[in-house]
Amino acid sequence: MPLAAEDQARSDLYALAARLLLAPPGAELLAQLGSADPILASGGDHRLEDAREKLVLASSVMDAGAVAAEFDLLFISNGTPALNPYGSLYLSGFMNDTPLAELRGDLARFGVKRMRGVGEFEDHLGALCETMRVLIAGGAGIRRQPLAQQKAFFEARIARWYGRCLNDIQNAEGANFYRLVARFVDALLTIEREAFAVDDGFDD
């Protein structure tokens with residue numbers, strides 16, 4: 001069965017968040033983003049619409065080489081990078097700690113495996129956005145998960161730390177394009193968190 005329009009939109013937004021957090025966009029993706037149609041907010045909440053529109057405008061004028069250099073400055077280093085968007089670090093203070101082990105248990109139950117050749121651990125915020133996309137839309141040999149499972153995963157593995165992480169990106173020295181990326185991802189995840197909370201209210 002095809003995805004409902006709302007779930008397709010959520011899946012697409014998570015896919016974009018994952019792609020931008022895991023690697024710098026090349027010239028082709030910047031061009032696609034720069035010419036993307038606006039999204040229409042429902043109701044009076046325009047946070048996601050506004051954040052994405054600013055990202056689209058920036059993409060239309062940014063040079064791919066400059067974005068790649070910014071990504072390297074923020075996230076890549078021979079020593080300790082300026083930013084480490086990993087859940088284990090934010091939740092326990094250490095990389096590759098208990099939160100990562102618990103996450104891997106969740107992923108195994110869903111049938112989600114780390115792809116060969118991927119350098120980032122599974123608790124990277126971009127990888128978690130990709131996991132949410134798969135839970136919503138399914139993947140090769142992976143079933144879509146019901147909303148209750150999506151909610152449980154989000155609350156356990158993303159909700160407790162994403163705000164601090166994205167705030168660090170927005171305030172990092174040298175952040176320009178990625179300041180807008182962080183605002184876009186923050187708007188997406190905050191709306192998701194609030195929607196799951198509303199769903200809790202209907203369950204009571």
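From a predicted model like this one, the values you see are computed outputs, not experimental measurements.
Between atom CZ of residue Arg104 and atom CG of residue Asp106 there is a gap of 12.5 Å, rounded to the nearest 0.5 Å. If you take CZ on Phe184 and CG on Leu166, they are separated by 11.0 Å, rounding to the nearest 0.5 Å. Here CG of Asp123 is found 7.0 Å from CE of Met95. Values are rounded to the nearest 0.5 Å. Cys129 contributes atom SG, which lies 13.5 Å from atom CZ of Arg19 (distance to the nearest 0.5 angstrom). Here the straight-line distance linking atom CG of Leu30 with atom CG of Leu20 works out to 8.5 Å at 0.5 Å rounding. In this structure, Leu21 CG and Glu130 CD are separated by 11.5 Å, a value rounded to the nearest 0.5 Å.
Pairing each heavy atom of Thr190 with each of Tyr162, the nearest pair is OG1-OH, 2.9 Å. The two atoms that bring Ser88 and Asn96 nearest to each other are OG-N, 3.6 Å, heavy atoms only. The two residues Pro81 and Ile76 come nearest to each other via the heavy atoms CB-N, 4.2 Å. Listed here is the closest heavy atom pair of Ala58 and Leu180: CB-CD1, 3.4 Å. Closest of all the heavy-atom pairs between Ile169 and Ala182 is CG2-CB, 3.7 Å. Residues Ser92 and Asp97 approach most closely at OG-OD2, 3.0 Å, considering heavy atoms.
Ring geometry for His124 against Tyr86 counts as perpendicular: the plane angle is over 60°, on a 0 to 90° scale with 30° as the lower cut.
Leu189 places none of its side-chain heavy atoms less than 4.5 Å from the side chain of Arg193. Using a 4.5 Å heavy-atom cutoff, the side chains of Phe153 and Leu107 are in contact. Side-chain contact check for Val134 versus Tyr14: every heavy-atom pair is 4.5 Å or farther apart. Side-chain contact between Trp161 and Leu125 is present, with at least one heavy-atom pair separated by less than 4.5 Å. In this structure, Phe121 and Leu103 have side chains that are not in contact, with every pair of non-hydrogen atoms separated by 4.5 Å or more. Counting heavy atoms from C-beta on, the side chains of Gln149 and Arg109 never come closer than 4.5 Å. Put simply, the side chain of Leu33 reaches to within 4.5 Å of the side chain of Leu16, judged on heavy atoms. The shortest side-chain heavy-atom distance between Ile158 and Glu192 does not fall under the 4.5 Å cut-off.
A side-chain donor-acceptor contact under 3.5 Å links Arg10 and Gln150.
Under a 3.5 Å cut-off, the side chain of Arg164 and the backbone N or O of Tyr90 do form a donor-acceptor pair. Distance alone, capped at 3.5 Å, is enough to place a donor-acceptor pair between the Glu70 side chain and the Phe177 backbone.
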Inset, instruction - Evaluate side-chain contact (heavy atoms from CB on, under 4.5 Å) for Arg144 paired with Leu3, printing each intermediate quantity in order. - result: CA-CA 10 Å; Arg144 303 173 194 167; Leu3 277 178; 3.7 Å; yes

Inset, instruction - Please report the C-alpha distance between Leu29 and Gln32 in whole Å, then the side-chain angles of each, then the deciding distance to 0.1 Å, and finally whether the side-chain contact (heavy atoms from CB on, under 4.5 Å) criterion is met. - result: CA-CA 5 Å; Leu29 179 54; Gln32 291 172 351; 3.8 Å; yes

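Residue pairs meeting the ring pair (Phe, Tyr, Trp, His ring centres under 6.0 Å) criterion with at least one member in residues 52-80, sequence neighbours excluded, are Phe71-Phe75, Phe71-Tyr178, Phe75-Tyr178.
Checked for salt-bridge contact, Asp186 and Arg183 miss the test: no charged N lies under 4.0 Å from a carboxylate O.
Summarising the local packing, CD of Glu6 is surrounded by 12 or fewer heavy atoms from other residues, nucleotides or ligands at distances under 6.0 Å.
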